[in-house]
Number of protein chains: 2
Amino acid sequence: MAETKRRRVGRPSEQVLSRVLIVEAALALIDEHGAQGFGMRDIARSLGVRPSALYNHVENKDDIYRGIRELIGERITWDGLDDAPWDVALAAWAREYRAAFAAHPPTVALLAVMPISPTSSVSVAYDRVVHALGRGGWGRGEALNVLVALESFILGSALDAAAAPDMMDPGERDDVPEFSAAYREREELVRSTGASPADQAFETGLQLILDGLRAAAAARAR
Amino acid sequence: MAETKRRRVGRPSEQVLSRVLIVEAALALIDEHGAQGFGMRDIARSLGVRPSALYNHVENKDDIYRGIRELIGERITWDGLDDAPWDVALAAWAREYRAAFAAHPPTVALLAVMPISPTSSVSVAYDRVVHALGRGGWGRGEALNVLVALESFILGSALDAAAAPDMMDPGERDDVPEFSAAYREREELVRSTGASPADQAFETGLQLILDGLRAAAAARAR
DNA sequence: ACCTGAACACCGTTCAAGT
DNA sequence: ACCTGAACACCGTTCAAGT
């Protein structure tokens, strides 16, 4: 991807860089080498350019983080979900949200922390989520609480999916028998269902939340 | 906290540092100045010591992170919860878990990402959670999925609580009317209940998950 | 306007020297 | 064993010089 020919000093005849190019290169580096080992110098090298050149298109490293966050955020859409029943729409959105981050595991740790810019497309999705919950009978203030709770679960699950798979492994310990047995029984579940531990936990939690929401909607309908 | 007298070179007559002292100093700095502006040099200065001295007690900076994580993790206990009904015990543990992180907001971003050492006390809490869910009728493999889902929600909620309070603020936008209205209605909820938005969302989500769990337990009992 | 090249302040970490 | 002091490689960022 990097030009091997050395460029002369001075403005090049045709533009070499752009903000999107830099952000995409950064994301590719993170995917390849993880969150560490992704520095301004690395990004510059992968683009065949000197580090200082990046600053013509990007404010600083944080700005690149913001760009990546927007890039991933744009992939979380609400397309067509307005026609589905509210609980189905909510589930589909939650799965898409988590999948967008899970596609780039090392980014989760970086981005889950970052404030989302209100100008981005996520606000539009928020708008539709509130609308969907309205169809289920929720007042808007309460709907926002449900939305934030759901989003917390989604981001937490994305973090879990990005973590080392054997992070919880109790190993040879014998002072936590219930937990050790549970860990081994889950391995059996993984084998029989083919779903990863993180996927299983996410689906379990998502169903619990949806069950809770449906029960509340049903109670309200009575 | 720092000695103003300059120390001579060579081994001091009495030990100045220790691992716990370093970890506690680091946590205090994070609480005061946030996650940035907390470097080895800062920790050393607050202890009245040179940066290189830290490496006699600590492997590296990551090791300090691990120490902080353990420090906070130890505060999440399961004391006495074995006697309570399983759903009450679970709720109490979840609140305590989140509160332990919420007490040090800037650490959440750092630690949520980190693998937890299996030797730590969290495994013991896991053991009791699996046990409590067993009392509710869950098989151990499924109980582990519930546990991970709950933990994802807790950590996601801790991240949310640590985020800037106006992170979602739609401001003057008029293309997301449902969301804007929800944001303003929630402000009303905050005023009337006195609970912060993050607290409200956490309680909402926790109740939804518990409702889902109770419904499953009830269905099983039939 | 947009690149290179050189520099800046700062970072985590290593290690010899000293007691 | 455990501190200081000096050094190392590396980092994000700035800026003059060049086209």
Side-chain angles (χ1 to χ4, degrees), chain A residues 1-27 29-30 33-68 106 109-110 113-114, chain B residues 1-27 29-30 33-69 106 110 113-114:
Chain A
M1 56 184 66
E3 301 263 323
T4 53
K5 274 230 208 106
R6 204 174 277 124
R7 219 186 327 274
R8 241 192 9 275
V9 286
R11 182 189 186 194
S13 50
E14 49 185 309
Q15 192 163 311
V16 189
L17 293 176
S18 75
R19 190 185 144 85
V20 272
L21 230 57
I22 291 172
V23 169
E24 281 168 356
L27 182 53
L29 278 176
I30 292 180
H33 305 105
Q36 80 283 30
F38 135 74
M40 301 302 275
R41 282 169 172 83
D42 300 302
I43 302 172
R45 195 181 319 115
S46 87
L47 289 164
V49 118
R50 299 294 177 174
S52 52
L54 302 174
Y55 291 85
N56 288 306
H57 304 271
V58 138
E59 224 177 291
N60 49 31
K61 203 180 180 186
D62 261 22
D63 194 25
I64 298 183
Y65 287 139
R66 281 193 291 272
I68 296 177
L110 266 51
V113 179
M114 277 188 25
Chain B
M1 52 184 72
E3 302 263 320
T4 53
K5 273 229 206 101
R6 206 174 277 124
R7 219 186 326 275
R8 245 196 0 282
V9 284
R11 183 189 185 194
S13 49
E14 49 184 309
Q15 193 164 312
V16 190
L17 294 176
S18 73
R19 188 185 146 85
V20 270
L21 230 57
I22 292 172
V23 169
E24 280 168 356
L27 181 54
L29 278 176
I30 292 180
H33 304 105
Q36 78 284 33
F38 134 75
M40 299 303 275
R41 283 170 171 83
D42 301 302
I43 301 172
R45 194 181 319 116
S46 88
L47 289 164
V49 117
R50 299 294 177 173
S52 51
L54 302 173
Y55 292 85
N56 289 305
H57 305 271
V58 138
E59 226 177 290
N60 48 34
K61 204 180 180 186
D62 260 24
D63 195 25
I64 297 182
Y65 287 139
R66 279 192 294 272
I68 297 177
R69 165 94 227 212
L110 265 51
V113 179
M114 275 190 23

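Below, chains carry the letters A, B, ... as their sequence lines are ordered, and counting in each starts from 1.
Remark: B:His57 is in phosphate contact with D:dC3, judged by side-chain N or O atoms under 4.0 Å from OP1 or OP2. The phosphate of C:dG5 (OP1 or OP2) has a side-chain N or O of A:Arg50 nearer than 4.0 angstrom. Within the 4.0 Å cut-off from OP1 or OP2 of D:dG12, not a single side-chain nitrogen or oxygen of A:Asn60 is found.
Comparing B:Arg8 and B:Asp62, the nucleotide of DNA chain C nearest to each residue sits closer to the 5' end for B:Asp62. Of the two residues near DNA chain D, A:Gly10 and A:Tyr55, the one whose nearest nucleotide lies more 5' is A:Tyr55.
Counting heavy atoms from C-beta outward, A:Ile68 and A:Leu110 have side chains that stay 4.5 Å or more apart. In this structure, the side chains of B:Val16 and B:Leu47 stay at 4.5 Å or more apart for every pair of heavy atoms.
Test A:Asp63, A:Leu54, A:Asn56, A:Val49 against A:Ile22 for side-chain contact (heavy atoms from CB on, under 4.5 Å) and you get one pass: A:Leu54.
The base of C:dG12 sits with one of its N or O atoms less than 3.5 Å from a complementary donor or acceptor on the side chain of B:Arg41.
Across D:dC2, D:dT4, D:dG12, the shortest atom-to-atom separation from the side chain of B:Ala53 is found for D:dT4. With distances taken from any side-chain atom of A:Arg7 to the nucleotides C:dT4, D:dC2, D:dT19, the minimum falls on C:dT4.
Residues of residues 18-26 of chain A that place a heavy atom closer than 4.0 Å to DNA chain C do not occur.
Heavy atoms of A:Ser13 sit nowhere under 4.0 angstrom from any nucleic acid atom.
Where DNA chain D pairs in unbroken runs of 3 or more (Watson-Crick or G-U, both distances under 3.5 Å), the stems are C:4-8 with D:12-16, C:12-16 with D:4-8.
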